[in-house]
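All residue numbers refer to positions in the sequence shown, counting from 1. Values reported hereafter were calculated over all heavy atoms of this structure, with side chains retained and with hydrogens, waters and symmetry mates removed.
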Amino acid sequence: MGNTTSLAPTPVWRDFPRTTLRGIGQVMFQDNAWTGLLFLAGIFWGAYSEGFPAVAWGAVVGVVVSTLTGYLLNLSDDNGAQGLWGFNGVLVGCAFPTFMGDTVWMWIALILCSAMTTWVRTALNKVMAPWKVSSFTFPFVLSTWFFLLAARYMHGMPPVEESVPAFATETVGHLDMSFGSLVVYWLKGISQVFLINSWVTGIFFLAALAVSSWRAALWAAVSSAISLFVIIVWQGPAADIANGLYGFSAVLTGIALGATFCNSGSWRTWIWAVLGVIATVFIQAGMNAAFAPLGLATLTGPFCIATWLFLIPGYKMFQPTSN
């Protein structure tokens, strides 16, 4: 028998930076460390330019904690090295400083919630396995909802930026419809995926997607434009439109259906993805109205619901690919 040479596995500490960056990229389904690095650069730019640096550092803490949790728990997740332990954590890290006061207790809660998303994701994926879909960002959504609601009673993490609980009312308002403003709204629809309100960050994110997948970049751009058109035509709240708040879930739906899980070479996929993006806008508006009495943000819940609704019945027809 000939001699065989066994290669020692790469130490965790050496792969950890790349795994962490992949976790940031996986928020938009990109298994690419360079994409993750550009996403992080966009987050830092937007957070500091908007005067909320804690959001940027929260993103770093969230992705590091959730990724470390996967290693420490020795989860049987073959995709952990691809960043799939980290993407929910980075969103938790962006959300907590966005909605709650910058206190020591908020940061401790952020660490706890970020870690929690790692095993919540494993549990939800097992539950959803019969339907051949993953939990997407719902571990972040579900875990963060509980903490945001708890903040109403726990003054150690004050809900300073959460909405005041109230029944949904008509708040259309005036919207600047100049071309330059529309471009800003469109780019903010992309940047708000990470809860960043900056059109410059939107450019960062499009460039980051293009590094990994031109289809993903195209669908992000198209989906934000479609969602902007739909919410303007149906006369949604001007302030939300101007801040890109009807774009981010639609962007994720578009990337999921148009560039990730369906057969991207089929014209049927294009129609299906566009329908999914449009439906996401209405699902988000409905969820916004339903959650208004709780003063609770819908986060990326509309994306999760819309994508599940469009992937489960279309599974065989559109030949989804695994991610």
Minimum heavy-atom distance F96-C113, with the two atoms named: CZ-CB, 3.6 Å
Aromatic centroids of F229 and W234 separated by under 6.0 Å: no
Residue that, paired with L38, satisfies side-chain contact (heavy atoms from CB on, under 4.5 Å) out of L21, N32, V211: V211
side-chain contact (heavy atoms from CB on, under 4.5 Å) between L124 and F138, worked out: CA-CA 8 Å; L124 289 177; F138 199 65; 3.9 Å; yes
Heavy-atom side-chain proximity of I232 to L182 below 4.5 angstrom: yes
S114 side, atom OG; N88 side, atom CG - distance, nearest 0.5 Å: 9.5 Å
Heavy-atom closest pair, residues A250 and S227: CB-CB, 3.6 Å
Straight-line distance of T69 OG1 to L112 CG, nearest 0.5 Å: 9.5 Å
Verify same cluster id: V230, M177 (apolar side-chain graph, 4.5 Å): yes
Close aromatic pair by centroid cut-off 6.0 Å: F194 and F39: yes
Within 6.0 angstrom of E50 CD, more than 12 heavy atoms from elsewhere: yes
Pair N125-S134, side-chain donor/acceptor within less than 3.5 Å: no
Whether F303 and F136 hold their rings parallel, tilted or perpendicular, with breakpoints at 30° and 60°: tilted
Crowding at OH, Y48 (>12 non-hydrogen neighbours, <6.0 Å): yes
Path from W267 to I226 over hydrophobic side-chain contacts below 4.5 Å: yes
Check against side-chain contact (heavy atoms from CB on, under 4.5 Å), V61 and W107: CA-CA 9 Å; V61 172; W107 285 99; 4.1 Å; yes
hydrophobic_cluster_shared for V104 and F99, side chain cutoff 4.5 Å: no
Distance flag, aromatic centroids of F87 and F140, threshold under 6.0 Å: no
Pair Y185 + W199: ring centers closer than 6.0 Å: no
Distance (rounded to the nearest 0.5 Å) between L245 CG and Q192 CD: 5.0 Å
Polar side chain donor-acceptor pair, S178 to S181, under 3.5 angstrom: yes
Joint cluster assignment, I255 & I271, ILVMFWY side-chain distance < 4.5 Å: yes
Ring geometry between F261 and F29 (parallel below 30°, tilted from 30 to 60°, perpendicular above 60°): perpendicular
Any side-chain donor near an acceptor of the partner, S212 and Q30, under 3.5 Å: yes
W57, CH2: over 12 other non-hydrogen atoms inside 6.0 angstrom: no
CE (M154) with more than 12 external heavy atoms under 6.0 Å: no
W105, CH2: over 12 other non-hydrogen atoms inside 6.0 angstrom: no
Polar side chain donor-acceptor pair, T300 to T137, under 3.5 angstrom: yes
Heavy-atom pair of closest approach, residues I43 and A56: CG2-CA, 3.8 Å
Check: W85 ring centre within less than 6.0 Å of Y71 ring centre: yes
Heavy-atom pair of closest approach, residues M157 and A109: SD-CB, 3.7 Å
Check: V60 and L40 side chains under 4.5 Å, non-hydrogen atoms: yes
pair T201-L187: side-chain heavy atoms closer than 4.5 Å: no
Verdict with supporting geometry, V193 and M28, side-chain contact (heavy atoms from CB on, under 4.5 Å): CA-CA 8 Å; V193 170; M28 297 197 209; 3.8 Å; yes
Which atom of V141 lies closest to which atom of G301, heavy atoms considered: CG2-N, 3.7 Å
Heavy-atom check, side chain of E161 versus side chain of M100, under 4.5 Å: no
CA sep, side-chain torsions, deciding dist, call: F147, L110, side-chain contact (heavy atoms from CB on, under 4.5 Å): CA-CA 9 Å; F147 279 82; L110 186 157; over 6 Å; no
Minimum heavy-atom distance A256-T307, with the two atoms named: CB-CG2, 3.9 Å
Candidates T253, V251, V274 - the one meeting side-chain contact (heavy atoms from CB on, under 4.5 Å) with W219: V274
Common cluster, V183/V233, ILVMFWY with side-chain heavy-atom separation under 4.5 Å: yes
